[in-house]
Amino acid sequence: MTHKSFFIYLAIMVLTTYLIRVIPFVLVKNQIKNRYIRSFLHYIPYAVLTAMTVPAVFTATSYIISATVGFIVAVILALNKRSLTTVALLSCVAVFITELIIRYI
């Protein structure tokens, strides 16, 4: 990739990101009072974060089995209202132990 094409791509991404953030302010001048739209907008960040995180979870390890074990451990701990640090640490430990077991089998 040349420097010229890199800066063209960068400018397009800057413009796209800027427009995504500015357009709602330009189009919506009053506070949104419809509770269904407010509820929808409230859950967008969670949906986007999930859509970006879950595929990465299953491609970050050497084996799909260890990724699944780590994901299950994380979901169980999160549903039991454990802290983010605890969830991340114990799911990483679960993945590590699972990969050790798989390698020696």
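- Closest approach of I32 to V28, counting heavy atoms only: CG1-CG1, 3.9 Å.
- When all heavy atoms are compared, the tightest approach of G70 to S91 is O-CB, 3.4 Å.
- Counting non-hydrogen atoms of other residues, nucleotides and ligands closer than 6.0 Å to CZ of F96 gives a total of 12 or fewer.
- In terms of heavy atoms, T68 sits closest to F58 at OG1-CE2, 3.8 Å.
- Counting only distance, with no hydrogens or angles, the side chain of T53 and the backbone of T50 share no donor-acceptor pair below 3.5 Å.
- The list of ring-ring contact (aromatic ring centres under 6.0 Å, His included) pairs with a residue in residues 12-41, not counting sequence neighbours, is empty.
- The CD1 atom of I8 lies 7.5 Å from the OG1 atom of T2; values are rounded to the nearest 0.5 Å.
- For Y63, the OH atom counts as densely surrounded, since its 6.0 Å shell holds more than 12 non-hydrogen atoms of other residues, nucleotides or ligands.
- Using a 4.5 Å cut-off on side-chain heavy atoms (C-beta onward), I44 and L41 make contact.
- Shown here for S62 and E99, the closest heavy-atom pair between the two residues is N-OE2, 3.0 Å.
- No side-chain heavy atom of R38 sits under 4.5 Å from any side-chain heavy atom of H42.
- Note: L90 CG to I76 CD1 = 11.5 Å, rounded to the nearest 0.5 Å.
- Closest approach of A67 to V57, counting heavy atoms only: CB-O, 3.6 Å.
- Partners of R35 according to the salt bridge (charged side-chain N to carboxylate O under 4.0 Å, His left out) rule, which considers only residues two or more places apart in sequence or in another chain, do not exist here.
- The distance from the CD1 atom of I102 to the CD1 atom of I97 is 12.0 Å, given to the nearest 0.5 Å.
- Y46 and M52 sit in two unconnected hydrophobic clusters of ILVMFWY residues. Membership requires side-chain heavy atoms under 4.5 Å apart, directly or through other members.
- Once rounded to the nearest 0.5 Å, the distance linking CD1 of I12 with CZ of F7 reads 13.5 Å.
- Residues I64 and V75 fall within the same hydrophobic cluster, defined by Ile, Leu, Val, Met, Phe, Trp and Tyr side chains chained together at heavy-atom separations under 4.5 Å.
- Follow the hydrophobic side-chain contacts under 4.5 Å out from V95 and you never reach F71; the two are in separate clusters.
- To the nearest 0.5 angstrom, T98 atom OG1 is 9.0 Å from I65 atom CD1.
- Between T86 and S83, the closest heavy-atom pair is OG1-OG, 2.8 Å.
- To the nearest 0.5 angstrom, I105 atom CD1 is 11.0 Å from L100 atom CG.
- No chain of hydrophobic side-chain contacts below 4.5 Å, direct or via other Ile, Leu, Val, Met, Phe, Trp or Tyr residues, connects F6 to L15.
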